[in-house]
Amino acid sequence: MRLTGLLLLFMLFSFASTGQVCDGSFGDNIFDGGDFGSGAAQIVPTDPGVAPGYAYITDLPPNDGEYTIVNRMNPGDGFGSWISTDDNSNDPEGYMMVVNASFDPGLFYEEIVEGLCEDVLYEFSADIINMNMSSFTNHILPNVSFLLDDEVVFTTGTVPRNEEWITYGFTFTTAPDQTSIKLSLRNNAPGGIGNDIALDNITFRPCGSTALILPETVQNICEEGGEPFEITATIVGSAFENLFIQWQESFDEGTSWVNLDGETDQDYTFDRLESGDYYFRYLLADSEAKLDNEKCRTNSNTKIDRVLTKYVKDIDSDC
């Protein structure tokens, strides 16, 4: 349903950054494997085939022109100048991609994405860490370019030896009638001593206005004597005259989501006053077609409504 008169306060747009490159809300990551997954084995045994021109290895460390997918680099797994690190997530078994750059600059990651929408703002980003210790000052510093359809759009500059993960990336808007794109990462520095990196959370996702359900804290409701109440979509910043919403509910604490039939207004009325936790969010786009395409829409924050039984006392509840 068309929504007008929402909070259209300001347009949020960023072209390039080393940190958070979109100030609004995001859609789902279109790269399903952008975080390389997770597993108990330290090294993924099969080549994922994402690094053109590089050889995949399962014996650490990778040499020049080789890469591997690992969930940790322990002391002794790398060369004498390499740091020990886990992937950039809270998952103790999460994988990352470790690259020992080839002697000649070239591509080390490439994906083709189909099924996009025209005139949508997207973010392309990646977490990168220099694998060389900060004390090895004579080692070559990595330098990575982000390419769209083989054209350089953004370059990291030298990636510092600071033993920290850094997010690099940029945003761009798809052209009229554009429904696919090739996204690539290219090493610009020569191989040899240094120029070793790890990558994680390679991300390509829609970006839009800030989509909120306020307050963001858990809402406590009484099971007995409680009244139905409205959850409201608050949207900050938009260049679109018309906005389209679809409310969703999760039955597995936010892991997956299902549409609530007919719930396409700014307000959703919650009236199921049976004890338990209820998870809600809404999808946002500027047309029905984009709203129906998971590659073209953004998501609000998750709102939790907690219905308390008459036997439960809570500091924020009069039940």
Side-chain angles (χ1 to χ4, degrees), residues 1-15 20-32 34 111-125 148-149 169-181 183 202-214 216 230-251 254-270 278-304:
M1 179 175 292
R2 180 180 301 178
L3 299 178
T4 58
L6 299 181
L7 298 178
L8 309 180
L9 302 182
F10 51 89
M11 180 178 180
L12 304 174
F13 182 82
S14 173
F15 183 73
Q20 183 80 5
V21 298
C22 173
D23 292 324
S25 296
F26 293 107
D28 296 332
N29 187 9
I30 297 169
F31 287 162
D32 291 336
E111 288 277 358
I112 296 177
V113 181
E114 307 281 354
L116 303 179
C117 299
E118 64 180 5
D119 194 30
V120 172
L121 185 66
Y122 289 95
E123 178 197 272
F124 180 24
S125 65
L148 301 179
D149 289 332
F170 64 99
T171 57
F172 70 96
T173 302
T174 45
D177 299 322
Q178 182 176 11
T179 59
S180 65
I181 197 165
L183 302 143
I202 300 175
T203 302
F204 179 58
R205 54 188 174 176
C207 169
S209 301
T210 301
L212 297 171
I213 308 173
L214 299 175
E216 297 185 67
E230 289 187 340
I231 307 171
T232 300
T234 300
I235 301 167
V236 181
S238 178
F240 304 126
E241 181 179 354
N242 300 315
L243 298 174
F244 293 78
I245 278 177
Q246 173 63 60
W247 287 92
Q248 294 188 317
E249 184 172 2
S250 174
F251 299 96
T255 300
S256 61
W257 296 88
V258 296
N259 289 346
L260 292 169
D261 290 341
E263 299 296 343
T264 57
D265 291 326
Q266 182 179 354
D267 299 316
Y268 168 68
T269 301
F270 177 74
Y278 299 81
Y279 289 71
F280 299 100
R281 73 174 187 181
Y282 61 89
L283 309 175
L284 179 66
D286 70 333
S287 73
E288 289 185 2
K290 292 176 182 176
L291 192 67
D292 290 337
N293 188 332
E294 62 184 6
K295 298 178 181 178
C296 307
R297 65 199 187 195
T298 58
N299 312 323
S300 74
N301 61 299
T302 297
K303 177 66 174 177
I304 303 175

Heavy-atom side-chain proximity of [X] to [Y] below 4.5 angstrom:
| X | Y | answer |
| --- | --- | --- |
| D149 | I181 | yes |
| I235 | L284 | yes |
| I304 | F280 | no |
| F251 | V258 | yes |

[X] side, atom [atom1]; [Y] side, atom [atom2] - distance, nearest 0.5 Å:
| X | Y | atom1 | atom2 | answer |
| --- | --- | --- | --- | --- |
| T203 | L183 | OG1 | CG | 11.5 Å |
| D286 | L243 | CG | CG | 7.5 Å |
| C117 | Y122 | SG | OH | 5.0 Å |
| Y268 | K303 | OH | NZ | 14.0 Å |
| K295 | N29 | NZ | CG | 11.5 Å |
| D119 | D177 | CG | CG | 11.0 Å |

Closer than 3.5 angstrom, by distance alone: can the side chain of [X] be matched with the main-chain N or O of [Y] as a donor-acceptor pair?
| X | Y | answer |
| --- | --- | --- |
| T174 | V120 | yes |
| K290 | E118 | yes |
| T298 | C207 | no |
| T179 | L116 | no |

Quiz item: Should the pair F204 and F172 be assigned to parallel (<30°), tilted (30 to 60°) or perpendicular (>60°) ring geometry?
Solution: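 Rings of F204 and F172: parallel, under 30°.
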Could you report the tightest heavy-atom contact between [X] and [Y], atom names first, then the distance?
| X | Y | value |
| --- | --- | --- |
| C296 | A285 | O-CB, 4.4 Å |
| D265 | I245 | O-CG2, 3.7 Å |
| E216 | N301 | CG-ND2, 3.7 Å |
| S256 | S250 | O-OG, 2.8 Å |

Exercise. Dump the intermediate steps for side chain to side chain contact (heavy atoms under 4.5 Å, CB included) on W247 and N259, then the final yes or no.
Key: CA-CA 6 Å; W247 287 92; N259 289 346; over 6 Å; no
Quiz item: Which residues pass the salt bridge (charged side-chain N to carboxylate O under 4.0 Å, His left out) test with E249, sequence neighbours left out?
Solution: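 Once residues adjacent in sequence are excluded, the partners of E249 under the salt bridge (charged side-chain N to carboxylate O under 4.0 Å, His left out) criterion are R272.
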Practice problem: Step by step, work out the side chain to side chain donor-acceptor pair (under 3.5 Å) result for T232 and E230. | Solution: CA-CA 6 Å; T232 300; E230 289 187 340; 4.9 Å; no
Exercise. Could you pull out all residues at least two apart from Y278 that satisfy ring-ring contact (aromatic ring centres under 6.0 Å, His included)?
Key: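 If we apply the ring-ring contact (aromatic ring centres under 6.0 Å, His included) test to Y278, skipping adjacent residues, the hits are F270.
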Quiz item: Given the rule in the side chain to side chain contact (heavy atoms under 4.5 Å, CB included) test, do F26 and E123 qualify, once you have shown the distances and angles that lead to the verdict?
Solution: CA-CA 9 Å; F26 293 107; E123 178 197 272; 3.3 Å; yes
Quiz item: S300: what forms a side chain to side chain contact (heavy atoms under 4.5 Å, CB included) with it, not counting sequence neighbours?
Solution: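 By the side chain to side chain contact (heavy atoms under 4.5 Å, CB included) rule, S300 matches A211, I213, R281, Y282.
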Quiz item: In a check of side chain to side chain contact (heavy atoms under 4.5 Å, CB included) between W257 and each of D28, T302, L283, which one passes?
Solution: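 It is T302, the one option of D28, T302, L283 that forms the side chain to side chain contact (heavy atoms under 4.5 Å, CB included) with W257.
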